[in-house]
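For reference, the structure discussed in these notes is given below.
For the numbers below, each heavy atom of this structure counts, side chains included, while hydrogens, waters and symmetry mates do not. Numbering of ligands and ligand atoms starts at 1, following listing order.
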Amino acid sequence: MPFVTIGGITLHHRRIEANGSARPIVFINSLGTDFRIWDQVLSILDGEMPLLVYDKRGHGLSDIGGIRSIDDHVDDLSALIDHFGLGKVVLCGLSVGGMIAQGLYARRPEIVEAMILCDTAHKIGTTESWNTRISIVERDGIEAIADGVMKVWFTPDFHVARAADLAGCRNMLTRQALPDYVGTCMAVRDADFTDSARRIAVPTLCIAGDQDGSTPPDLVRSLAGLIPGARFEIIRDAGHIPCVEQPEALTALIRNFIASLALGAETHG
Ligand SMILES: O=C(O)CC1=CCC(=O)O1
């Protein structure tokens, strides 16, 4: 079964093996999603490099409880990477997943080969905006914000052309566990990676959907501006979750970035 219990916390995951020496890519979800958002990306990359996806705590089929900070999520991710003996990895984090990636890098830079920071930032939202969201979901449940969140996650075209996928993703959001949904909102509210972003010293690719209503392109561009040497790319016709809305375009960027790492290693010895 695709479950591991580490330090008393059971995490749901999926691993895809590959031949060769490519570094594993570890994918980290956004708030309110489980790892199925990466399904199409995984099926395109299947066999090219080792891949690991997991449900962060309080999401999907992983255990619920105890999340209050990005560090709590970093603890789980760090333990999972060690559990599987992955050594050095490429982190690919979406939204809060990108903050978890930045947090892991700040704590354990030696296990991070490179980072793909997708629709994320050094700081997302304001204390006020997160406190408002927390009050609403604590009072009325996640359902109360679901339509608004869908407008941020996906473009108007997606709402029309992919109504079934929209409905499924909405179900995914509303079925996450309230305590850790709230805990992860608190984690994002309290996180500020502005200083640590300036100290990132691994190749980093920052990506934004052109219609992302949560971490718009200018915000992601400003994250890229903080990270020495970081590249910045925009995906057209995408909201906050390009791995669902534009998986081919996202995967092409990931693949090119990974190829450039191999080239860099050859060039620089
Ligand atoms: O769900 C949202 O509103 C968008 C988002 C912010 C942080 C995250 O992970 O997703």
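Taking the ring centroids of Phe35 and His59, they lie at or beyond the 6.0 Å cut-off.
In the model, Thr184 has a side-chain atom that pairs as donor or acceptor with a side-chain atom of His73 under 3.5 Å.
In this structure, the side chain of Thr251 engages the main chain of Pro247 through a donor-acceptor pair within 3.5 Å.
Annotation: the span from Ser95 atom OG to Ile241 atom CD1 amounts to 7.0 Å, rounded to 0.5 Å.
For Glu143 and Arg170, the salt-bridge test passes: some basic side-chain N is under 4.0 Å from an acidic carboxylate O.
The side chain to side chain contact (heavy atoms under 4.5 Å, CB included) with Tyr181 is formed by just one residue from the set Ile134, Ile145, Ile64; it is Ile145.
A heavy-atom cutoff of 4.0 Å around ligand 1 is satisfied by the protein residues Ser30, Leu31, Ser95, Val96, Trp130, Arg133, Val149, Trp153, Ser214, His240.
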